[in-house]
Amino acid sequence: MLLALNIGNTNVTFGGYDSAGQRVFASRFYSDSALSSDELVYKLVNMLALYHIQPRDVDAAILASVVPVLTSRMREALEKMTNAPLMEVGPGLKSGVRIRMDNPAQLGGELLCAAVGALQTHKPPLLVMNMDTAATLVAEGSIVGGVILPSPALSLSALVRNTAQLPQIDMELPAKRFLGTNTTDCLHSGIVNGSALMLDGLFARCRATLHAPDAPVIA
């Protein structure tokens with residue numbers, strides 16, 4: 001089994017893939033920068049056990065990370081957990097995707113992986129979007145550029161943290177109406193519909209910039 005891991009600013013997301021490339025499971029836990037390598041081993045082993053998977057079942061692992069302080073600890077954790085070979089997504093990795101950025105080393109590993117995956121199913125030009133703590137867009141068959149903006153979750157967190165009376169809301173629930181008639185509904189509509197309209201505008205602007213009005217969006 002291939003164990004694929006991505007360390008983001010909010011979550012460590014990981015999944016297992018069988019020899020046919022089919023996903024066996026997917027899971028995640030909070031990416032706490034205070035976690036030691038032993039604590040990471042404990043979390044991984046116990047969460048794998050939820051899916052009836054043992055460390056010895058892992059034949060290979062691949063790791064992408066945008067949290068440097070956790071990268072080396074996760075590497076140590078995987079070495080303690082399994083003898084399987086580990087590949088890290090980063091500068092120098094031959095992915096088949098040209099990175100036309102000022103500094104290719106600044107590109108997040110998860111975005112490179114997303115672009116590689118998107119190009120397996122769609123022809124360029126296309127837009128690839130990742131939404132974690134920040135929402136990021138990259139474009140075309142080569143990675144030619146993008147935009148970074150706060151995700152809806154981060155925007156909501158900032159609003160709630162920096163105001164006295166705005167409540168936390170569940171964005172997974174559908175909005176009751178576009179124009180809210182109470183604080184909760186107003187906040188829900190603003191975060192969900194505001195983010196959606198903003199992304200629609202960004203997609204349109206990216207397509208116009210690329211002169212590709214029909215470019216698909218892979219999110």
Side-chain angles (χ1 to χ4, degrees), residues 1-19 21-97 99 101-118 128-136 138 143 146 148-158 161 219:
M1 185 187 72
L2 170 67
L3 183 64
L5 306 100
N6 178 57
I7 304 175
N9 289 296
T10 304
N11 292 296
V12 175
T13 308
F14 61 104
Y17 294 81
D18 63 21
S19 58
Q22 298 299 309
R23 191 175 71 185
V24 178
F25 77 95
S27 190
R28 65 181 61 213
F29 59 86
Y30 180 63
S31 56
D32 184 351
S33 60
L35 289 171
S36 68
S37 62
D38 286 343
E39 288 172 316
L40 287 168
V41 171
Y42 180 82
K43 284 182 175 290
L44 288 171
V45 169
N46 281 278
M47 295 185 80
L48 287 173
L50 290 175
Y51 301 95
H52 309 291
I53 297 170
Q54 300 297 320
R56 61 175 177 272
D57 297 326
V58 178
D59 301 310
I62 183 168
L63 170 66
S65 175
V66 294
V67 186
V69 70
L70 281 178
T71 306
S72 60
R73 296 176 196 167
M74 181 61 79
R75 188 186 306 119
E76 292 175 13
L78 291 170
E79 289 173 352
K80 292 175 181 178
M81 190 183 80
T82 175
N83 293 321
L86 170 65
M87 176 184 291
E88 292 189 43
V89 179
L93 179 69
K94 293 182 179 180
S95 65
V97 177
I99 303 174
M101 307 285 286
D102 294 337
N103 185 356
Q106 293 181 341
L107 182 71
E110 81 285 1
L111 276 171
L112 177 58
C113 292
V116 170
V128 179
M129 175 181 158
N130 178 65
M131 188 172 289
D132 185 21
T133 306
T136 311
V138 296
I143 297 177
I148 298 175
L149 61 150
S151 69
L154 186 60
S155 298
L156 174 62
S157 176
R161 185 174 63 252

- Task: Just do the side-chain contact (heavy atoms from CB on, under 4.5 Å) check on Ser27 and Leu50 with the steps written out, would you?
- Result: CA-CA 10 Å; Ser27 190; Leu50 290 175; 5.8 Å; no

- Write out all pairs satisfying salt bridge (charged side-chain N to carboxylate O under 4.0 Å, His left out) with one or both partners inside residues 66-76, taking only residues at least two apart or from two chains. Arg75-Glu88

Determine the minimum heavy-atom distance between [X] and [Y], stating which atoms define it.
| X | Y | result |
| --- | --- | --- |
| Ser65 | Thr71 | OG-OG1, 2.8 Å |
| Leu70 | Leu35 | CD2-O, 4.1 Å |
| Ala84 | Thr82 | N-OG1, 3.0 Å |
| Ser33 | Val69 | CB-CG1, 3.7 Å |
| Gly8 | Val66 | CA-CG2, 3.8 Å |
| Ala77 | Leu40 | CB-CB, 3.8 Å |

Sub-4.5 Å side-chain heavy-atom contact between [X] and [Y]:
| X | Y | answer |
| --- | --- | --- |
| Glu39 | Asp32 | no |
| Ile143 | Met101 | yes |
| Val12 | Met47 | no |
| Ile53 | Leu3 | no |

- Query: Sequence neighbours excluded, which residues qualify as salt bridge (Lys or Arg N to Asp or Glu O under 4.0 Å) partners of Asp38?
  - Reply: Lys80

I need the [X] [atom1] to [Y] [atom2] distance, nearest 0.5 Å.
| X | Y | atom1 | atom2 | answer |
| --- | --- | --- | --- | --- |
| Phe14 | Leu5 | CZ | CG | 7.0 Å |
| Ile7 | Arg28 | CD1 | CZ | 13.5 Å |
| Met81 | Leu44 | CE | CG | 5.5 Å |
| Asn6 | Leu111 | CG | CG | 9.0 Å |

- Query: Counting heavy atoms not belonging to Asn83, are there more than 12 under 6.0 Å from its CG?
  - Reply: no

- Please report the C-alpha distance between Leu78 and Val58 in whole Å, then the side-chain angles of each, then the deciding distance to 0.1 Å, and finally whether the side-chain contact (heavy atoms from CB on, under 4.5 Å) criterion is met. CA-CA 10 Å; Leu78 291 170; Val58 178; over 6 Å; no

- Query: Between Ser31 (side chain) and Asn9 (backbone), is there a donor-acceptor pair under 3.5 Å?
  - Reply: yes

- Message: Determine whether a donor-acceptor pair (N or O, by modelled atom type, separation under 3.5 Å) exists between the side chain of Asn11 and the backbone of Thr13.
- Response: no

- According to the ring pair (Phe, Tyr, Trp, His ring centres under 6.0 Å) rule, which pairs have a member within residues 48-68, sequence neighbours left out? Phe25-Tyr51

